Protein chains: 2
Amino acid sequence: MVARYELIADELRGEILAGAYPMGAQLPSESELAARFGAARGTVRQAVAVLAAEGLVGSRQGARRIVLGNARSQSFAELHSFAQWARANGHRYGGLMINQRRRPPTPAEAARLGPGEVLDVLRVRTLEDEPVLLERTAYAEWIAPVVEELPPDCESVTQALYDSAGVVFAYGEHLIDAVPASAQDARLLGVRRGSPLLRQRRVTTTHEGRPVECSDDRYRAGSVAFSIRNSIGANPLVRHAGDLHFGA
Amino acid sequence: MVARYELIADELRGEILAGAYPMGAQLPSESELAARFGAARGTVRQAVAVLAAEGLVGSRQGARRIVLGNARSQSFAELHSFAQWARANGHRYGGLMINQRRRPPTPAEAARLGPGEVLDVLRVRTLEDEPVLLERTAYAEWIAPVVEELPPDCESVTQALYDSAGVVFAYGEHLIDAVPASAQDARLLGVRRGSPLLRQRRVTTTHEGRPVECSDDRYRAGSVAFSIRNSIGANPLVRHAGDLHFGA
DNA sequence: AAGTGGTCTAGACCACACG
DNA sequence: GTGTGGTCTAGACCACTTC
């Protein structure tokens, strides 16, 4: 079942990306759109809210919506998986488990995952056969047995956990900064010690709010960048919706 | 004029942050909240949409909303200014213009700002008197005269441009990655050449969609990190609202 | 089967931008 | 002043989760 507002959003997005509205141009008013699509104004507002969350259009009270961009990138909402992102962008990707062991949680991990033992996994992920990402992941005890059954060269852990245990990585919290490569980082990623890495620390939970993993992911500099669009002021329906993308 | 849904959101946020609902707990249903606040269901939905955009609660069709976190951080929506962020977080901050000159735009700048000359400004920003950020900003020609009038030690460029020219930095697009410090970066930030920097490249536009600046900002490693919360699946009112925060 | 959130309607009033 | 988006209401139906 596809919602009406999604169809309207798709149609408008298509027109914007096709260049029907150049950057800075005005969108039709809500009433015009409502008339054109035969929908209520509220439904049209929901549709343009989607575009606003994508950073394609902006709005302010009293003035018509304007077009802010005409390129679509991969939404961060879909980035709960390296594999999903790589596949969506047409990359050749792979992964290899380097090391895996159970251990007591650090205090930070215990605060996020609970008091049980964690399963500590070290993986290297490749893009076009080049190592670009080092994942150091601590899985919560309840999911550990499933993770231990995965093959070492599992291409998509997220997919595998969904298929075998129905686990969905629904919510994530991320901290992004830059760190120098440790000796181990350097060896596994093929860079010099101390060279810059883009670090993404994350905690993931299921739909029910049950914590699944904390991870420290390090990307080789130059391999990826995070892309974000944001806005201040009056946005439709939510006060602010930043949209994070993920691109080369 | 404060909207009703904002007041309701504030009230619920306060209860969550005060610990009335522990992590993973269920929020009251929309009808219960509507009855409690004497508001229509739509208004309550708008309120919880705010909390969802902040990453505090999550939702799925058929089940009650759950609490995902109980800490509030500075929203990235308000991060259009280093000074605003620093002030909000109680830091002592400052800035110094190192260099400023007009020059022809690079092709990338011309594509974003238009064909005119740009005003190229190099600034160092400090936190607790330590240099933490190097800003290399290219201002569009139309705003250049205003920027040239600013004092070299201007603490908040965003504020100054608003006060003197009514310019609002309304929309931003950001690319975040890690780079090694150049010789100049190293000298001005007091780090070794080649050491990791967190880079944020951004393009900013006004409410009307008029481009103001593109900038290449480099943070010393360890000084700041970007924080993001996101979710997949059915969110209220918008398909997905990632929320980006900015913290130490 | 009952309850919940997700979608949609058709109206109303207000604050703000623009001419 | 006119038109725009922002807020709010009061209803309806549907898809989903939960028991």
Side-chain angles (χ1 to χ4, degrees), chain A residues 1-10 12 25-35 37-53 57-68 166 168 170 206-210 231-241, chain B residues 1-10 12 25-53 57-67 166 168 170 206-210 231-241:
Chain A
M1 193 55 193
V2 180
R4 187 83 131 80
Y5 75 86
E6 290 282 4
L7 298 176
I8 297 175
D10 290 344
L12 291 175
Q26 293 184 335
L27 234 50
S29 75
E30 293 180 355
S31 12
E32 283 167 1
L33 292 173
F37 290 107
R41 191 183 153 211
T43 306
V44 168
R45 280 177 66 78
Q46 228 173 327
V48 293
V50 172
L51 303 183
V57 306
S59 66
R60 27 197 285 254
Q61 188 171 91
R64 288 206 176 184
R65 288 187 173 76
I66 56 169
V67 174
L68 293 175
V168 177
T206 66
H207 271 142
E208 295 81 20
R210 178 136 85 141
S231 63
I232 64 169
N235 270 32
L237 301 177
V238 291
R239 182 168 51 184
H240 136 257
Chain B
M1 193 55 193
V2 180
R4 188 86 132 80
Y5 74 88
E6 291 283 4
L7 298 175
I8 297 175
D10 290 345
L12 291 174
Q26 293 183 337
L27 234 51
S29 74
E30 293 179 357
S31 11
E32 284 168 1
L33 291 174
R36 169 177 159 195
F37 291 107
R41 193 183 151 212
T43 306
V44 168
R45 281 177 66 76
Q46 228 173 327
V48 293
V50 172
L51 303 183
V57 305
S59 67
R60 33 202 272 260
Q61 187 171 87
R64 286 205 177 185
R65 288 187 173 76
I66 56 170
V67 175
V168 177
T206 65
H207 273 141
E208 296 82 19
R210 179 136 83 143
S231 63
I232 64 170
N235 271 34
L237 303 177
V238 290
R239 181 168 54 187
H240 137 259

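Just so it is clear, the model here is predicted, and its values are computed rather than measured. The basis for the numbers below is simple: all heavy atoms, side chains too, and nothing from hydrogens, waters or symmetry mates. Protein chains get the first letters and strands the later ones, always in sequence-line order, with residue 1 at the start of each.
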### Task
Specify the separation, in whole Å, of atom CG of Leu33(B) and atom P of dG3(C).
17 Å

### Task
For Gln46(A) and dG5(C), give me the distance from atom CD to atom C1', rounded to whole Å.
12 Å

### Query
Is there a side-chain contact between Val57(A) and Leu27(A) (heavy atoms, below 4.5 Å)?
yes

#### Entry: Most 5' of Gly62(A) and Ala40(A) on DNA chain C, judged by nearest nucleotide
Ala40(A)

### Query
Please give, in whole Å, the distance from dG6(C) P to Leu27(B) CG?
12 Å

### Task
Select one nucleotide: of dT4(D), dG6(D), dA17(C), the one nearest the side-chain heavy atoms of Ala63(A).
dA17(C)

### Message
Would you say that Ile8(B) contacts Leu33(B) through its side chain, given a criterion of any heavy-atom pair below 4.5 Å between the two side chains?
### Response
no

### Message
What is the separation between atom CD on Glu208(B) and atom P on dA17(C), rounded to the nearest whole Å?
### Response
10 Å

### Message
For a quick check, tell me whether the side chain of Arg41(B) and the base of dG6(C) share a donor-acceptor pair closer than 3.5 Å.
### Response
yes

### Query
When you match Thr43(B) and Gln26(B) each to their closest nucleotide on DNA chain D, which lands nearer the 5' end?
Thr43(B)

### Query
Within less than 4.0 Å of OP1 or OP2 of dG6(D), is there a side-chain N or O belonging to Arg65(A)?
yes

### Query
Considering heavy-atom distances to DNA chain C, does Pro28(B) or Ala39(A) have its closest nucleotide positioned more toward the 5' end?
Pro28(B)

#### Entry: Point-to-point distance, once rounded to the nearest 0.5 Å, from NE2 of His207(B) to OG of Ser59(A)
9.0 Å

### Query
From Leu7(B) CG over to Leu12(B) CG, what is the distance, rounded to the nearest 0.5 angstrom?
11.0 Å

### Any Tyr5(A) side-chain N or O less than 4.0 Å from OP1/OP2 of dC8(C)
no

### Query
Looking at the side chain of Arg4(B), which of dC8(C), dT9(D), dG6(D) is the nearest nucleotide?
dT9(D)

#### Entry: Nucleotide of dA15(D), dT4(D), dT7(D) approaching Arg64(A) most closely (side-chain heavy atoms)
dT4(D)

### Atom-to-atom span, CD of Glu6(A) to C1' of dT7(C) - whole angstrom
11 Å

### Query
Nearest to the side chain of Arg45(B), which nucleotide is it out of dT9(C), dG5(C), dT4(C)?
dG5(C)

### Query
Atom CE of Met1(A) to atom P of dC16(D): distance rounded to whole Å?
10 Å

### Nearest-angstrom distance from the residue atom CD of Glu30(B) to P of dG5(C)
5 Å

### Message
Taking 4.0 Å as the cut-off, does a side-chain nitrogen or oxygen of Ser59(A) come that near to OP1 or OP2 on dT4(D)?
### Response
no

### Message
Counting C-beta onward and ignoring hydrogens, is there a side-chain heavy-atom pair between Arg60(A) and Glu208(B) closer than 4.5 Å?
### Response
yes

### Message
Starting the side chain at C-beta, find the nucleotide from dG6(C), dT7(C), dG5(D) nearest to Gln61(B).
### Response
dG6(C)

### Query
Does Glu32(B) reach the main-chain N or O of Ser29(B) with its side chain, forming a donor-acceptor pair under 3.5 Å?
yes

### Message
Nearest to the Ala3(B) side chain among dG6(C), dT7(D), dG5(D), which nucleotide is it?
### Response
dT7(D)

### Task
Round to a whole Å and report the spacing from CD1 of Ile66(A) to P of dT4(D).
16 Å

